[in-house]
Amino acid sequence: MASYVPYSSPPVRLPSLNKTKELAQRIGIDLSQDEVAEYRDLMKDIIGCYNEIEKLPEITLPVKYPRLPGYRPTAEENLFNAWYWKTDIKGASEGLLQGKRIAMKDTIAVSGVPMMGGSWVMEGYVPEFDATVVTRVLDAGGTVAGKAVCEDWCVSGVSYMAAKGPTLNPCAYTHSAGGSSSGCAVLVAKGEVDMAIGGDQGGSIRLPASCCGIVGLKPTHGLVPYTGAQAMEPTNDHLGPMTRSVKDCALLLEAIAGYDDGLDQRQNPTIVGEKYSDSLECENLKNITIGLLEEGFMQEDKDFTVNSIVKSAVSKMSKLLLAKIVDVSVPLHNQGKNIRWCMAHQGISDTMLRGGCVGSGHKGFYSTSMMDAVGRGLQSQPDDLSPAVKRVWMLGEYMKHEYRGRFYGKAQNLRRLLTAEYDKVFQEVDVIVMPTIPFKTPKLPAKNTSVSALLKEAGRNLANTSPFNATGHPALTINAGFIDGLPVGMMLVGRMFDEKTLLKVAYAYEQLQQYTVFP
């Protein structure tokens with residue numbers, strides 16, 4: 001007697017004749033009605049493959065520590081609008097981060113905790129896995145205190161594009177806190193957490209760290225695994241520490257750096273983390289040469305007071321710590337922002353928007369739940385994207401389809417040239433210095449500000465930070481002083497994978513400071 005097989009709805013349906021014709025037209029193929037029917041029939045067996053693999057369990061990232069889902073804080077608990085979600089997820093009973101409370105940018109997956117990436121389009125998504133950096137923090141004894149607000153899909157260097165409203169600067173409530181890891185910077189600055197992990201594709205760790213007066217490190221590309229975080233553009237994506245002190249920055253980097261067993265396409269197997277916190281102390285910097293990057297001080301929107309504060313900080317390192325100071329020049333630095341933008345528009349369109357914040361064509365971990373959530377959100381709510389994301393998506397699609405992706409390819413080739421130009425300078429110096437942001441922190445825009453004005457300000461502060469997202473060099477910002485009570489960041493850039501030197505110089509400078517940003 002034949003076994004009885006009940007009906008089961010297929011996960012992937014055979015396209016209708018009309019859909020098949022539409023698919024052909026979408027890619028420029030003209031089919032007759034007979035050909036439409038024939039090609040539809042030819043799809044049957046292949047679609048059967050999809051339906052078969054849907055029956056198989058897939059690999060995901062581990063969830064090692066129990067937790068409750070936490071909660072969305074009230075306005076009274078969230079005066080700066082820096083928290084998206086609060087949790088209290090405790091890790092191992094001992095370790096490098098024992099006693100430390102850490103916030104995660106709301107692009108980093110925490111299992112069982114809502115995640116919206118700053119966008120209405122993602123609201124309601126709850127990942128079922130922990131990003132690798134979350135697991136490493138918990139393994140090191142840290143406590144995950146919650147998710148920090150970020151700009152809508154991170155496409156902004158300021159703090160007013162997030163779906164849940166603007167994040168306020170703790171030094172001056174009417175001013176931008178910087179972005180896109182705005183909530184991380186504010187929570188660290190106010191002491192609501194000890195540390196945070198931010199993301200940086202054009203300056204999004206360093207910009208808010210500069211605006212809020214804390215330490216922010218974009219590590220060398222690939223040093224910290226991006227596994228389980230919302231991808232924007234794989235060659236620009238970075239995760240890194242945001243802390244109140246250089247020592248805490250070194251500790252957090254030590255906990256999260258290192259190879260992730262092939263799960264992150266940005267890494268190669270030779271990547272290893274180091275004992276960064278053991279190499280901070282030094283009597284002086286007499287064996288260190290610091291290069292003042294001419295182009296970094298001569299940006300179009302430069303503020304001479306900002307330049308003066310940063311140069312004064314460098315002068316202290318020369319006079320009191322015996323560092324050697326030289327002037328250096330990389331003319332192509334002035335094109336760095338343009339190179340990175342030409343990579344970012346199509347890359348973001350392909351990876352973040354069309355690729356479900358995961359992309360394709362690599363052998364790393366794919367979060368299928370995130371891909372599904374992004375796709376459903378974009379299909380149903382594209383009008384709810386911020387103006388910045390809409391512009392990036394439209395430009396990315398335009399450049400890919402009208403110019404065949406050639407400019408993306410050219411920008412990637414120019415990235416190699418820009419990297420080589422910086423590396424030539426690093427043959428002569430140990431660290432390059434410039435202002436993190438060339439001008440004073442701007443005010444938050446008024447309610448009825450035009451879209452054009454919003455977007456102009458949202459990308460204006462990337463001139464010095466974004467070139468190093470293109471090249472991948474490590475870059476750290478530390479407070480150098482104040483203008484009208486607002487912090488001014490000094491950016492230190494180092495050789496690839498030489499975070500030890502970068503942290504050592506930053507730590508030595510920090511010991512000279514006669515003030516704290518917050519008591």
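In this text the structure is predicted, and so the values were computed from the model without any measurement.
Residue R416 qualifies as open at atom CZ: its count of foreign heavy atoms under 6.0 Å is 12 or below. With a 6.0 Å radius and a threshold of 12 heavy atoms from other residues, nucleotides or ligands, K500 has its NZ atom above the threshold. Within 6.0 Å of CZ in R376 there are 12 or fewer heavy atoms belonging to other residues, nucleotides or ligands.
Without hydrogens or angle criteria, R495 side chain to V431 main chain gives no donor-acceptor distance under 3.5 Å. Looking at T243, its side chain does come within 3.5 Å of a backbone N or O of C249 through a donor-acceptor pair. Judged by distance alone, with hydrogens and angles left aside, the side-chain atoms of S210 form no donor-acceptor pair with the main-chain N or O of R206 at under 3.5 Å. Side-chain atoms of D194 do not come within 3.5 Å of backbone N or O of K100 as any donor-acceptor pair. Looking at S156, its side chain never comes within 3.5 Å of a backbone N or O of S180 through a donor-acceptor pair.
Side chain to side chain, Y398 and H345 fail the donor-acceptor criterion of an N or O pair below 3.5 Å. Of the N and O atoms on the side chains of Q412 and T235, at least one donor lies less than 3.5 Å from an acceptor on the other residue. In the model, Y408 has a side-chain atom that pairs as donor or acceptor with a side-chain atom of E233 under 3.5 Å. N469 and Q201 form no side-chain donor-acceptor contact under 3.5 Å, judged by distance and modelled atom types alone. Side chains of E151 and S159: a donor-acceptor N/O pair is absent below 3.5 angstrom, by distance only.
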(request) Might you work through the salt bridge (Lys or Arg N to Asp or Glu O under 4.0 Å) test for E457 and R460, ending with a clear yes or no? (result) CA-CA 5 Å; E457 194 63 61; R460 190 167 69 97; 3.1 Å; yes
(message) Applying salt bridge (Lys or Arg N to Asp or Glu O under 4.0 Å) to K164 and E123, what does each step give before you reach the verdict?
(response) CA-CA 10 Å; K164 295 294 185 180; E123 189 174 33; 2.9 Å; yes
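Atom OG1 of T143 and atom OH of Y65 lie 11.0 Å apart (nearest 0.5 Å). The structure places CZ of R67 at 4.0 Å from CG of D130, a figure rounded to the nearest 0.5 Å. The CZ atom of R391 lies 9.5 Å from the OG atom of S386; values are rounded to the nearest 0.5 Å. We find the OG1-CD distance between T74 and E77 to be 4.0 Å, quoted to the nearest 0.5 Å.
Centroid-to-centroid, the aromatic rings of H238 and Y226 stay 6.0 Å apart or farther.
In this structure, F129 and F365 have perpendicular ring planes: the angle between them is above 60°, well past the 30° mark.
Of the candidates L61, T132, V133, T135, T132 is the only one forming a side-chain contact (heavy atoms from CB on, under 4.5 Å) with D260.
Within the 4.5 Å cutoff, the side chain of L332 has heavy atoms near those of the L417 side chain.
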